[in-house]
**Q** 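Encoded as structure tokens, here's the structure I'll be asking about.
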There are 2 protein chains.
Amino acid sequence: MNTNSAEILREKGISPSVQRVAIYDYLMTHFTHPTVDEIFKDLSPSIPTLSKTTIYNTLTLFLEHGLIDSFTTDDNTAHYDGNVQSHAHFQCSQCGEIYDIPMPKTEAPQLEGFEINGMKVFYYGICEKCRKKEI
Amino acid sequence: MNTNSAEILREKGISPSVQRVAIYDYLMTHFTHPTVDEIFKDLSPSIPTLSKTTIYNTLTLFLEHGLIDSFTTDDNTAHYDGNVQSHAHFQCSQCGEIYDIPMPKTEAPQLEGFEINGMKVFYYGICEKCRKKEI
DNA sequence: TATAAAAATTGTAATCGTTACAAAATTAAA
DNA sequence: TTTAATTTTGTAACGATTACAATTTTTATA
Ligand SMILES: [Mn+2]
Ligand SMILES: [Mn+2]
Ligand SMILES: [Zn+2]
Ligand SMILES: [Zn+2]
């Protein structure tokens, strides 16, 4: 347990329970865009009483405070991302892995009267690993 | 029922059943990014025996042939789009409506060894209609 | 046209991610 | 310590999607 994580949560007015700190720590060290299930599987051994509901609640709480990001892939599961800096994603259609990639430079869209608060960019294709397997 | 739709399906090697033509027609005249449920509700009156399974099967078939596009929003429902030309989307966080917007010009990302086949761009914010309500 | 085979549709049940909710446990306040 | 507030937990409910077998429709063959 990282004492720094507890401090960051406290700064946001979130009391740093064991579960919350564990989940936050997890996302700050695993930039694999995990699902709730993956977080649960990985944290369960060290927190045997951990409930999935707590993970859902905690992630929603973190999202509301802008501590993390999330996105939903076409397999209808939410993925969570401890990296809140602007970046895009690439998902391999073969192995499903989601890679971080730099956010491409774009000109702001002309949307008269619309207020834009965020943007998500997703690329699809075949990753290097899978392309090498194909040969 | 549009005879042209049937022809387009036939060209792709898809036998144009009543159901398939109706679903294709629907998507070619309703660019509202409907869900399966919305398609079902709208087509049920004219095709009373229509089954949701058929809609799911048909949409998957159309997707495989590149006749339509789809995307999943954060409420974990798939939306379907008869417009397969390159464009981006804007979802209003207030009313949930999804707008078509022009695809912003971007430089291709530098991904050594990766094969890029597609790109999805999603903007979030408040739409004009909702902003006017706020005042 | 009659018959058989193939394709498409349907309805129901199962699955899976997520949410609702109330009880139990923990923490903070008085 | 006693009480109140917060957090966690487990179970049940929910909703979108998928699996699957039966039925219907279409196509091919004789
Ligand atoms: Mn990321
Ligand atoms: Mn669109
Ligand atoms: Zn891959
Ligand atoms: Zn709106």
Side-chain angles (χ1 to χ4, degrees), chain A residues 1 5-6 9-10 12-26 33-65 67-68 70-81 91 96 98, chain B residues 1 5-7 9-10 12-26 33-65 67-68 70-81 96 98:
Chain A
M1 151 161 162
S5 292
L9 297 184
R10 226 181 308 251
K12 290 278 183 180
I14 298 170
S15 45
S17 69
V18 173
Q19 293 86 341
R20 287 169 175 172
V21 171
I23 293 165
Y24 187 75
D25 270 354
Y26 183 83
H33 315 99
T35 63
V36 166
D37 229 63
E38 287 162 352
I39 298 171
F40 180 76
K41 281 197 175 68
D42 284 355
L43 294 184
S44 271
S46 51
I47 310 175
T49 63
L50 184 64
S51 151
K52 264 187 199 173
T53 300
T54 297
I55 300 178
Y56 278 106
N57 291 341
T58 301
L59 292 170
T60 302
L61 187 71
F62 289 174
L63 281 171
E64 284 165 0
H65 284 84
L67 287 168
I68 61 172
S70 76
F71 54 84
T72 303
T73 47
D74 286 348
D75 63 344
N76 299 306
T77 48
H79 294 257
Y80 297 88
D81 197 341
Q91 182 166 39
I98 297 161
Chain B
M1 151 161 159
S5 292
E7 196 43 51
L9 296 185
R10 226 181 310 251
K12 290 278 184 180
I14 298 170
S15 42
S17 68
V18 173
Q19 293 86 343
R20 286 170 177 173
V21 171
I23 294 165
Y24 187 74
D25 270 354
Y26 183 83
H33 315 98
T35 63
V36 166
D37 228 64
E38 287 163 352
I39 298 171
F40 180 76
K41 281 197 175 69
D42 285 354
L43 293 184
S44 271
S46 49
I47 311 175
T49 62
L50 183 64
S51 152
K52 264 188 200 171
T53 300
T54 297
I55 301 179
Y56 278 107
N57 291 341
T58 300
L59 292 170
T60 302
L61 186 71
F62 290 174
L63 281 171
E64 283 165 0
H65 285 84
L67 286 167
I68 61 171
S70 76
F71 53 85
T72 303
T73 45
D74 285 349
D75 61 345
N76 297 309
T77 48
H79 295 257
Y80 296 87
D81 196 342
I98 297 161

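This one's a predicted model, so the numbers in the text were calculated from it and none came from an experiment. Every chain is numbered from 1, with letters handed out A, B, ... down the list of sequences.
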**Q** With a cut-off of less than 4.0 Å, is there a side-chain N or O of A:Thr49 near OP1 or OP2 of D:dT9?
**A** yes
**Q** Would you say A:Gln19 reaches C:dT26's phosphate, i.e. side-chain N/O to OP1/OP2 under 4.0 Å?
**A** no
**Q** Would you kindly give the CG-to-C1' distance between B:Leu50 and C:dA8, to the nearest whole Å?
**A**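 Value for this atom pair: 13 Å.
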**Q** For D:dT18, does either OP1 or OP2 sit under 4.0 Å from a side-chain N or O belonging to B:Tyr56?
**A** no
**Q** Starting from P on C:dT19, measure out to CG on A:Asn57 and report it in whole angstrom.
**A**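 Checked: the CG to P distance equals 9 Å.
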**Q** Find the distance A:Glu38:CD to C:dG17:P and express it as a whole number of Å.
**A** 10 Å
**Q** Taking for each residue the nucleotide of DNA chain C bearing the nearest heavy atom, is the 5' side occupied by B:Arg20 or by B:Asn76?
**A** B:Arg20
**Q** Can you measure A:Lys52 atom NZ to C:dG17 atom P for me and round it to whole angstrom units?
**A**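 Nearest whole value for this atom pair: 7 Å.
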**Q** Reckon B:Thr35 touches a base, only the sugar-phosphate, or nothing at all at heavy-atom distances under 4.0 Å?
**A**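 If one applies the 4.0 Å heavy-atom cut-off, B:Thr35 turns out to touch nothing in the nucleic acid.
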**Q** Can you measure B:Tyr80 atom OH to D:dA16 atom P for me and round it to whole angstrom units?
**A**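 Answer to the nearest Å: 12 Å.
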**Q** Only one of A:Ile68, A:Thr60, A:Leu67 passes side chain to side chain contact (heavy atoms under 4.5 Å, CB included) with A:Glu64; say which it is.
**A** A:Thr60
**Q** Look at the side chain of B:Thr54 and decide which nucleotide, out of D:dT9, D:dA16, C:dT10, has an atom nearest to it.
**A** C:dT10
**Q** Would you kindly give the CD1-to-P distance between B:Ile55 and D:dT17, to the nearest whole Å?
**A**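 Computing the B:Ile55:CD1 to D:dT17:P distance gives 11 Å.
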**Q** Do the non-hydrogen side-chain atoms of B:Thr77 and B:Asp37 ever get within less than 4.5 Å of each other?
**A**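 No, their side chains stay 4.5 Å or more apart.
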**Q** Measure the shortest side-chain to side-chain distance between A:Ser15 and A:Arg20 over non-hydrogen atoms and say whether it is less than 4.5 angstrom.
**A**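 Side-chain contact under 4.5 Å: yes.
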**Q** Measure from the side chain of B:Ala78, starting at C-beta and using heavy atoms only, and say which of D:dT17, C:dG11, C:dA8 lies closest.
**A**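 Out of D:dT17, C:dG11, C:dA8, the nucleotide with an atom closest to B:Ala78's side chain is D:dT17.
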**Q** Salt bridge check, A:Glu38 against A:Lys41: does any charged N sit closer than 4.0 Å to a carboxylate O?
**A**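 No, this pair does not count.
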**Q** Assign A:Thr77 to base, sugar-phosphate, or nothing according to its heavy-atom contacts below 4.0 angstrom with the strands shown.
**A** sugar-phosphate
**Q** Whole Å only: how far is the CG atom of B:Asp75 from the P atom of C:dT18?
**A**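 The distance from CG of B:Asp75 to P of C:dT18 comes to 12 Å, rounded to the nearest Å.
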**Q** Parallel, tilted or perpendicular, judged at 30° and 60°: which one describes the rings of B:Phe71 and B:His33?
**A** tilted
**Q** For B:Thr53, which contact category applies under a 4.0 Å heavy-atom criterion: base, sugar-phosphate, or nothing?
**A**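 Base, at least one base atom sits under 4.0 Å.
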**Q** Please state how far atom CZ in A:Phe40 lies from atom C1' in C:dG17, giving the value in whole angstrom units.
**A**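 Computing the A:Phe40:CZ to C:dG17:C1' distance gives 14 Å.
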